[in-house]
Amino acid sequence: MKDVQFYKGTLQPIILKLLQNHKRMYGYEIIQKIRILTQDQFELKEGALYPILHKLEAENMIEVEAERVEGRIRKYYKLTEFGTKESVKRIQLLTETMQQIQELLNPKLI
């Protein structure tokens, strides 16, 4: 497992990107998808995921739909119209930041 602190600032745009790609997802599904996509290199804990989802909901970025599945209530998260637009900006900002870090770590010699 990788250092969680390193990923901490990137989790929100990563979750937004997953919701862009999958339209709606429930919490455990998000956790599993991140684990699969990182080939078990990063394990997102529920204690880290749900505060982010609650913050995104408070910012009107996502909305929650409750559905009964196998006798249990499952909460699905999906982007709002505002969230769809704003997520593009936040994902772009993360991409630019990653490029800047890459340039700092591997500067081009002039």
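Everything numeric in this text was worked out from a predicted model, so none of it was measured.
- Atom CD of E65 is surrounded by more than 12 heavy atoms from other residues, nucleotides or ligands within 6.0 Å.
- Of all heavy-atom pairs spanning L18 and K33, the tightest one is CD2-CG, 3.6 Å.
- Atom CG of L11 sits about 8.5 Å away from atom CG of L49, to the nearest 0.5 Å.
- L79 and S87 make their closest contact through CD1-OG, 4.0 Å (heavy atoms, listed as atom of the first residue, atom of the second, distance).
- The shortest distance between side-chain heavy atoms of I30 and L53 falls below 4.5 Å.
- One finds the CD atom of Q32 at 10.0 Å from the CE atom of M25 (value rounded to the nearest 0.5 Å).
- Residue L37 holds its CG atom at 9.0 Å from CG of N21, rounded to the nearest 0.5 Å.
- Shortest non-hydrogen contact noted between E63 and T80 is N-CG2, 3.9 Å.
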Inset, instruction - List the steps, then state whether salt bridge (charged side-chain N to carboxylate O under 4.0 Å, His left out) holds for R90 with E59. - result: CA-CA 13 Å; R90 293 186 187 188; E59 294 175 352; 3.1 Å; yes

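- Here K75 does not pair with E57 in a salt bridge; the nearest charged N to carboxylate O distance is not below 4.0 Å.
- Applying the 4.5 Å side-chain rule to ILVMFWY residues, one finds Y26, Y28, Y76 in the same cluster as V69.
- Two different hydrophobic clusters hold V88 and L19 under the rule that ILVMFWY side chains link at heavy-atom gaps under 4.5 Å.
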Legend entry - Stepwise side chain to side chain contact (heavy atoms under 4.5 Å, CB included) check, Q41 with R35: CA-CA 7 Å; Q41 292 299 304; R35 186 186 60 75; over 6 Å; no

Donor-acceptor pairs under 3.5 angstrom involving side-chain atoms of residues 93-104: please list them, not counting sequence neighbours.
{"residue": "T95", "atom": "OG1", "partner": "I91", "partner atom": "O", "Å": "2.9"}
{"residue": "E96", "atom": "OE2", "partner": "Q92", "partner atom": "NE2", "Å": "3.0"}
{"residue": "T97", "atom": "OG1", "partner": "L93", "partner atom": "O", "Å": "2.8"}

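- Under the 4.5 Å side-chain heavy-atom criterion for ILVMFWY residues, a single connected hydrophobic cluster contains both F82 and Y77.
- A distance of 9.0 Å separates CD1 of I31 from CD1 of I15, quoted to the nearest 0.5 Å.
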Inset, instruction - May I have the step-by-step check of side chain to side chain contact (heavy atoms under 4.5 Å, CB included) for Q20 and T84, ending in yes or no? - result: CA-CA 7 Å; Q20 271 185 351; T84 299; 5.7 Å; no

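- By the 4.0 Å N-to-carboxylate-O rule, K23 lies too far from E29 to be salt-bridged with it.
- Each of K89, E86, M61 was compared with L16 under the side-chain contact (heavy atoms from CB on, under 4.5 Å) criterion, and only M61 meets it.
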